[in-house]
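Read the structure below first, then the notes.
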2 protein chains.
Amino acid sequence: MVKITDVARRAGVSPSTVSYALSGKRPISDETRRRVEAAARDLGYRPHAARALAGGEPNVLALAAPLRAGVHVPVVMRLVVSVVTTARAHDHDVLLLTQEEAEAGLSRAVDTASVGGLLLTDVELHDPRLPRLRSLDRPSVLIGVPARAYGLTCVDLDFRAAGEACVNHLAELGHRTVALVGSPPEVYLRRTAYAHHLMHGFTTAATRHGLASSVHPGGPDPATAPRLAERLLHEHPALTAVVVHNEPLLAPLSAAFEHLGLRIPADLSVMAVCPDDLATTPRVPVTSVSLPADELGAHAVDLLIRKLHGTPVPETTLLAPRLTERASTSRRTA
Amino acid sequence: MVKITDVARRAGVSPSTVSYALSGKRPISDETRRRVEAAARDLGYRPHAARALAGGEPNVLALAAPLRAGVHVPVVMRLVVSVVTTARAHDHDVLLLTQEEAEAGLSRAVDTASVGGLLLTDVELHDPRLPRLRSLDRPSVLIGVPARAYGLTCVDLDFRAAGEACVNHLAELGHRTVALVGSPPEVYLRRTAYAHHLMHGFTTAATRHGLASSVHPGGPDPATAPRLAERLLHEHPALTAVVVHNEPLLAPLSAAFEHLGLRIPADLSVMAVCPDDLATTPRVPVTSVSLPADELGAHAVDLLIRKLHGTPVPETTLLAPRLTERASTSRRTA
DNA sequence: GCACGAAGTCGAAGCGCTTCGACGATCGAA
DNA sequence: TTCGATCGTCGAAGCGCTTCGACTTCGTGC
């Protein structure tokens, strides 16, 4: 392993000069800097973790991504990838924490490895990790907005507005009875923030528009789609529009409705809240509010990096929902 | 932050005694050890990364999981989770590296953070990361078996045997014309190890049994399933059995065949190589060779930890394929 | 021509921890 | 009783790096 003294010797300067030349924290003559840089390059010098010890900036972020039951894996994965990629762009690596020891894991990560900041996903309204998080004096960013966000930095899609946007769209199209097919029950039982906010927005907007509305957690298993479709139609005969906030169910549910003889959108309008590419999977492309997992991850990391630099950042950043009309929604005809 | 001197002061001993008491590397009287442990507990002491600097064991593993096009995300995620979980059980954390800078990332990880060992997934037959890996003198484990595995430690499902097992099973059932629906083309273009080995096993066994066989890369998009089903039947009129090694395509492809009027297994036997729970997704549960992602991740970490401890480990570990008969295969009747 | 500040460099200290070499105490064996 | 071995503990060194406080040159203004 090539160390800073090796570089110093080769460049004919002292270690501290190498440090300054490489970090730019003190003025160094062009001549010297060039020699140092050349030496570093020739030797393949890469600074060692000791940097963190000696007061250098830590360059690892911890990502707490508990993969809990009921979350759609590909979406989480996209988030993870965008986090890692963005972190790399800022010259940081990512330490991955999962379910196990969620709370203790945070503390451990903070001082065991040279973790500079924390990123939490799958945030619950009353997330048990928050007290620990507040007590740790490390910058952190939540991907998701808990009930009490005071003093925390949060980013998320504005799920409440997303729910409202769906209902507004359907109300404008003249629909009077709408249903939300949401995440699996366990997601609501945990009071997962995003699911809660979306449902809240959906219900509120429906009430405001005077629509009849109902909410149905959907199983994660696509095989349950046909049964669910039947149940919806049976329990709500006047139903003319469905909002699906459940990725694995979207395509099979659309198919199931068509199987039951409903034409989309003529007989039933379908909307979704999901990543854009999923919205085009069903036979009829689905009008949807985009779930920008990549953007969320990138934004979260950007904020965290800013906090690491001591730049003040907004407390809660909500990405405005983007609704894209596709072929699955139309004016109510029935 | 609580440091070792704090604990030492509170326990009324010197820092070195604390270190020894906690690590057990030298005999310490019960009395003293208890006091030290109590002090550490009271103060909430957790050792800092400096440990690595001073010659302690590094406790971070790097997981290089390039999420390349065409791989089935949920399977990778399962692998990742089992790696993280198992690593935690061994008191290690996991640094996640993705696509970007695959090769440089390895080197960086090794000396920037206190990474003790490396785990590579998505291994290609002639993986460009291998030279770098060999030059780094850090223990590593590949999840996947490249063409030249000499001097490396690899773990994987025995995909070759898996391919053979499928064909053997079908041959025993009297099938004479079989097809393999494989991973997306890009996976083969990269010469991804697992896909290659499975195809190889499939083809070899088919030849040995004198079966007519064909191989068809399958798109990742479920929507392409109906077309693919038609094409298969059209190009191979005598086809009576299909092996699917393509998770997202399994259910839609089964459905597509049934849609075309084929009864499974009466008219067409279907097999899969996939995680067990996916095999039960299609209407007719599919006879399958299990893809034990959890086991693979756990095993890989176990091996890596053993290597970190200096224990010799086998060069290549191949998990024997486990074939489970379900309702989708039967004796050829046609 | 001199004092003074800026530019450029260096040496040394210290980050939190482990580990090596001592050192006193205790104990059994001679 | 004495000697050596063992046990339990401590102090100090050092891991690779950053940073602070000098110190030495210069160039500039008067």
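Given the structure is predicted, the values throughout are model-derived calculations rather than measurements. Chain letters run A, B, ... following the sequence lines, proteins first, then strands; residues in each count from 1.
Looking at residues two or more places apart in sequence or on another chain, you find a salt bridge (Lys or Arg N to Asp or Glu O under 4.0 Å) between B:Arg33 and B:Asp30. Under the side chain to side chain contact (heavy atoms under 4.5 Å, CB included) criterion, A:Ser19 pairs with A:Ile4, not counting sequence neighbours. For A:Arg46, the side chain to side chain donor-acceptor pair (under 3.5 Å) criterion is met by B:Asp111, not counting sequence neighbours. For A:Ser29, the side chain to side chain donor-acceptor pair (under 3.5 Å) partners at least two apart in sequence or on another chain are A:Thr32. Residues that satisfy the side chain to side chain contact (heavy atoms under 4.5 Å, CB included) test with B:Ala40, not counting sequence neighbours, are B:Val7, B:Tyr45. With sequence neighbours left out, A:Asp156 forms a side chain to side chain donor-acceptor pair (under 3.5 Å) with no residue at all. Residues meeting the side chain to side chain donor-acceptor pair (under 3.5 Å) test with B:Asp42, sequence neighbours left out: B:Arg10.
Of all the residues in residues 28-36 of chain A, A:Ile28, A:Ser29, A:Thr32 reach under 4.0 Å from DNA chain C with at least one non-hydrogen atom.
For the helix from C:dG1-D:dC30 to C:dA30-D:dT1, the end axes, each set by the C1' atoms of five terminal pairs, are bent relative to each other by 50° (nearest 10°).
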N/O contacts under 3.5 Å, protein versus nucleotides 4-7 of chain C?
none

Protein-nucleotides 22-26 of chain C N/O pairs closer than 3.5 Å?
from: C:dA22; atom 1: N6; to: B:Arg26; atom 2: NH1; distance (Å): 3.4

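Residues B:Pro15 and A:Arg51 each lie close to DNA chain D; by heavy-atom proximity, the contact nearer the 5' end of the strand is made by B:Pro15. Remark on DNA chain C: of its neighbouring residues B:Leu53 and B:Tyr20, the 5'-side contact belongs to B:Leu53, judged by nearest-heavy-atom nucleotide.
Distance CZ/A:Arg129 to CG/A:Leu97: 9.5 Å, rounded to 0.5 Å. Between atom OG1 of residue B:Thr98 and atom CZ of residue A:Arg88 there is a gap of 9.5 Å, rounded to the nearest 0.5 Å. Separation of atoms CD1 (A:Ile28) and CG (A:Leu22) is listed at 10.0 Å; rounding is to 0.5 Å. Of the inter-residue distances, the one linking A:Glu57 atom CD with A:His92 atom NE2 reads 8.0 Å to the nearest 0.5 angstrom.
Under the 4.0 Å criterion applied to side-chain N and carboxylate O atoms, B:Arg78 and B:Glu295 are not assigned as salt-bridge partners. With respect to A:Arg35 and A:Glu31, a salt bridge is recorded, a charged nitrogen being found less than 4.0 Å from a carboxylate O.
Here the side chain of A:Lys307 pairs a donor or acceptor atom with the backbone of A:Ser140 at under 3.5 angstrom.
A nucleotide of DNA chain D counts as in contact with chain B when one of its atoms lies under 4.0 Å from a heavy atom; the first and last such, 5' to 3', are D:dG8 to D:dG16.
Taking each heavy atom of A:Cys154 and A:Pro146 in turn, the nearest pair found is SG-CD, 3.8 Å.
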